[in-house]
Protein chains: 2
Amino acid sequence: MGLTKTQIFDERQNELAIIFKVLAHPARIAILQYISSQKACICNDIVEEIGLAQPTISQHLKELKSIDLIIGEIEGKKVCYCINLNKWKEIQTLLNSFFDKTKFNCC
Amino acid sequence: MGLTKTQIFDERQNELAIIFKVLAHPARIAILQYISSQKACICNDIVEEIGLAQPTISQHLKELKSIDLIIGEIEGKKVCYCINLNKWKEIQTLLNSFFDKTKFNCC
DNA sequence: TTTTAATATTGCAATATTACGATAATAAAA
DNA sequence: TTTTATTATCGTAATATTGCAATATTAAAA
């Protein structure tokens, strides 16, 4: 069906899945790595760096923005995209909590 | 197109994306949490716990197995699924490395 | 050997994702 | 004001994912 049955899972499980889903594309990984390594993180530079069409990059940026992982600051005609450090740390902590909380009773 | 252009990204970026993708479903999060909390982690118990049809669970288990996150041990007619602790730790380390390596020069 | 129980696989319908051309929106520059 | 540059949105084609009924496979039990 292609439709995830979110209603049978709890909020935490759905939240984790959404975060993982946003990160589950090499272009979005590459965008994050590029943004984080540059002093100026202009959208157009990202398009040239990654090698996907401008609308495609714009869409990936939108998905990263949807969980506040990046912030876009308008600078005239351009937009400077930056990683949202607070959210970044928050997500890293959340993922570590998921990995750590998982105990291994069996086998 | 629906087809990810993996060839324009490096191996590390693609590997990270695949790991995130496997984790990007609440059912698979729930399966991992359930398996890790049980002494016996029989496939049928997972089906009853999660509330999805048996073939659907079987498919999700297959995806978790695809990156060796879980191991299925055959016990007669039943299969006992367990988390692969070594891979679990390895992936946690890899994700932390990704989060840590990302520096923030801009903004 | 036949039956039963547990799990995997196949096939398919419905929805989601990816990618991009065309175009709109926005703001600086001419 | 018109042009130009930059980014966002829309529409759409192609592929992927999700979920399940039907069925196959496997191994213990009868």
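When the side-chain nitrogen and oxygen atoms of A:K5 are compared with OP1 and OP2 of D:dC20, one or more of them lie within a distance under 4.0 Å. Checking the phosphate oxygens (OP1, OP2) of C:dA6, no side-chain nitrogen or oxygen of B:Y81 falls inside 4.0 Å. When the side-chain nitrogen and oxygen atoms of A:N44 are compared with OP1 and OP2 of D:dA5, none of them lie within a distance under 4.0 Å.
Atom CG of A:L52 and atom CZ of B:F9 lie 4.5 Å apart (nearest 0.5 Å). Going from atom NE2 of B:H25 over to atom CD1 of B:I31 covers 9.0 Å, rounded to the nearest 0.5 Å. Here the CG atom belonging to A:N14 is positioned 8.5 Å from the OG1 atom belonging to A:T4, to the nearest 0.5 angstrom. Expressed to the nearest 0.5 Å, how far CG of A:L95 lies from CD1 of A:I19 amounts to 6.0 Å. Atom CD1 of A:I67 and atom CG of A:N84 lie 10.0 Å apart (nearest 0.5 Å).
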Distances under 3.5 Å only, N/O to N/O: pair up the protein atoms with those of nucleotides 13-15 of chain D.
residue: D:dA13; atom: N1; partner: B:M1; partner atom: N; Å: 3.1
residue: D:dA13; atom: N3; partner: B:M1; partner atom: N; Å: 3.1
residue: D:dA14; atom: N3; partner: B:M1; partner atom: N; Å: 3.3
residue: D:dA14; atom: N3; partner: B:M1; partner atom: O; Å: 2.5
residue: D:dA14; atom: N3; partner: B:G2; partner atom: N; Å: 3.1
residue: D:dT15; atom: O4'; partner: B:M1; partner atom: O; Å: 2.4

Show the distances under 3.5 angstrom between N or O atoms of the protein and N or O atoms of nucleotides 24-30 of chain C.
none

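With A:S58 contributing its side chain and A:Q54 its backbone, the two residues share no donor-acceptor pair below 3.5 Å. The backbone N or O of B:K89 sits less than 3.5 Å from a side-chain atom of B:T93, completing a donor-acceptor pair. In this structure, A:W88 contributes its side chain and A:L69 its backbone to no donor-acceptor pair below 3.5 Å. With hydrogens and angles disregarded, a donor-acceptor distance shorter than 3.5 Å links the side chain of B:N105 to the backbone of A:S37.
When the salt bridge (Lys or Arg N to Asp or Glu O under 4.0 Å) test is applied to B:K87, the partners found at least two apart in sequence or on another chain are B:E90.
Of the residues in residues 48-73 of chain B, B:L52, B:A53, B:P55, B:T56, B:Q59, B:H60, B:E63 come within less than 4.0 Å of DNA chain D through at least one heavy atom, sorted by number. Contacts of residues 9-30 of chain B with DNA chain D (heavy atom under 4.0 Å): B:K21, B:H25, B:R28.
Counting only residues at least two apart or on different chains, the salt bridge (Lys or Arg N to Asp or Glu O under 4.0 Å) pairs with a member in residues 53-78 of chain B are B:R28-B:E63.
Straight-line distance from the NZ atom of A:K78 to the P atom of D:dT6: 6 Å, rounded to whole Å. In this structure, B:I46 atom CD1 and C:dA8 atom C1' are separated by 14 Å, rounded to whole Å.
For B:D100 and A:Q92, the side-chain atoms include at least one donor-acceptor pair closer than 3.5 Å.
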